[in-house]
Amino acid sequence: VDHALELARKHGLLPKTVLVLEDDCWKAAELIAEAGVPVVLEGSLTYVERDPITGVEKETFVAGALHAKGVRFALSSEDPNTRSPAYQAALAIGRGLDRQTALDAVTKVPAEILGLGNEVGSLEPGKLGNVLLFSGDPLSITAWVEHVVIEGKPVYERSKDVRNKH
């Protein structure tokens, strides 16, 4: 992280820098916060390390450590089947992150990081209007998608999906 930030500063790229990091990045949270760059957090939300002398395991909630230092972060996943962004957000809430911060980490913040915050990432007048409507809490594994709206146009209705009739 230190080297990446140094290179970004040296070449005038710091304002456009986004770090894509694994779970051990929490150790550099202060450096990242000082640089003011956002992070896309991949992998596990928990970092576990064993003290080489005592053998005691120490567990760190990575998103919480970044949030505590004021680092803007997006949650991501290498495996969308088992670790979807919604799952990551639910896990983060379960580990103590407030709901709004967790939801922003899978909606608003990724859009802002990509420079698309004026178009997508939240429901506001003038934005594209991409919406998933769930049968319940979108962070619950028991909820499913009922409707999909892309750019304000309905593109999916679960009740009309022939795959659900079997």
Side-chain angles (χ1 to χ4, degrees), residues 1 4-5 8 14-48 58-158:
V1 170
L5 293 174
L14 195 61
K16 295 184 178 203
T17 298
V18 176
L19 299 173
V20 180
L21 301 171
E22 291 286 331
D23 51 5
D24 61 347
C25 71
W26 72 271
K27 295 177 181 183
E30 197 162 312
L31 284 173
I32 297 166
E34 287 171 7
V37 299
V39 170
V40 175
L41 184 58
E42 289 202 333
S44 173
L45 294 180
T46 306
Y47 182 76
V48 180
K58 180 184 176 194
E59 191 173 281
T60 303
F61 173 48
V62 181
L66 293 175
H67 183 64
K69 294 290 183 179
V71 175
R72 279 185 352 142
F73 64 91
L75 296 175
S76 177
S77 176
E78 295 171 354
D79 184 354
N81 294 318
T82 59
R83 302 281 187 194
S84 71
Y87 177 82
Q88 295 286 75
L91 221 79
I93 292 167
R95 298 284 295 176
L97 202 61
D98 68 273
R99 185 176 178 87
Q100 191 60 55
T101 301
L103 287 172
D104 286 352
V106 296
T107 56
K108 189 176 178 181
V109 175
E112 291 169 352
I113 287 173
L114 291 170
L116 299 172
N118 291 330
E119 298 176 40
V120 295
S122 61
L123 294 176
E124 298 175 51
K127 290 192 176 183
L128 291 179
N130 299 338
V131 181
L132 296 175
L133 298 173
F134 288 84
S135 61
D137 184 343
L139 301 182
S140 169
I141 61 169
T142 62
W144 54 83
V145 175
E146 290 284 353
H147 301 276
V148 177
V149 178
I150 304 292
E151 295 184 10
K153 298 177 183 95
V155 296
Y156 174 80
E157 287 185 49
R158 188 173 201 281

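Please read these numbers as outputs of a predicted model, since none were measured by experiment. Atom set for the values below is all heavy atoms of this structure, side chains included, hydrogens, waters and symmetry mates excluded.
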What are the two closest heavy atoms between A74 and I113, and how far apart are they?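 That closest heavy-atom pairing would be CB-CD1, 4.0 Å.
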Which atoms form the tightest heavy-atom contact between S44 and V62, and what is the distance?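 In terms of heavy atoms, the two residues are closest at O-CG2, 4.5 Å.
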For residues 18-40, tabulate all N or O donor-acceptor pairs below 3.5 Å that involve a side-chain atom, not counting sequence neighbours.
unit_1 : atom_1 : unit_2 : atom_2 : d
K27    : NZ     : E49    : OE1    : 3.1
E30    : OE1    : K69    : NZ     : 3.2

What pairs with P154 under side chain to side chain contact (heavy atoms under 4.5 Å, CB included), at least two apart in sequence or on another chain?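 So P154 forms no side chain to side chain contact (heavy atoms under 4.5 Å, CB included) with any residue.
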Could you please spell out the steps behind the side-chain contact (heavy atoms from CB on, under 4.5 Å) verdict for F73 and T101? CA-CA 9 Å; F73 64 91; T101 301; 4.3 Å; yes
All N/O donor-acceptor pairs, side-chain side in residues 115-133, below 3.5 Å, sequence neighbours left out:
unit_1 : atom_1 : unit_2 : atom_2 : d
S122   : OG     : E124   : OE2    : 2.5
S122   : OG     : K127   : NZ     : 2.6
E124   : OE2    : K127   : NZ     : 3.2
K127   : NZ     : G117   : O      : 2.8
N130   : OD1    : E151   : N      : 2.6

Considering only distance and modelled atom types, tabulate donor-acceptor pairs under 3.5 Å from the side chains of residues 102-111, sequence neighbours left out.
unit_1 : atom_1 : unit_2 : atom_2 : d
D104   : OD1    : Q100   : NE2    : 2.8
T107   : OG1    : L103   : O      : 2.7

State which residues pass side chain to side chain donor-acceptor pair (under 3.5 Å) with R99; sequence neighbours excluded, sorted by chain then number.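 Counting only residues at least two positions away or on another chain, R99 forms a side chain to side chain donor-acceptor pair (under 3.5 Å) with D137.
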Return each pair, listed once, that meets side chain to side chain donor-acceptor pair (under 3.5 Å) where at least one residue sits in residues 58-67; pairs must be two or more places apart or across chains.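 Sorted pair list: E59-R95.
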Run the side-chain donor-acceptor check on residues 142-150: report pairs under 3.5 Å with partners two or more places apart or on a different chain.
unit_1 : atom_1 : unit_2 : atom_2 : d
T142   : OG1    : S140   : OG     : 2.8
W144   : NE1    : E146   : OE2    : 2.8

Once salt bridge (Lys or Arg N to Asp or Glu O under 4.0 Å) is applied, do any residues pair with E42, and if so which ones, sequence neighbours excluded?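 By the salt bridge (Lys or Arg N to Asp or Glu O under 4.0 Å) rule, E42 matches no residue at all.
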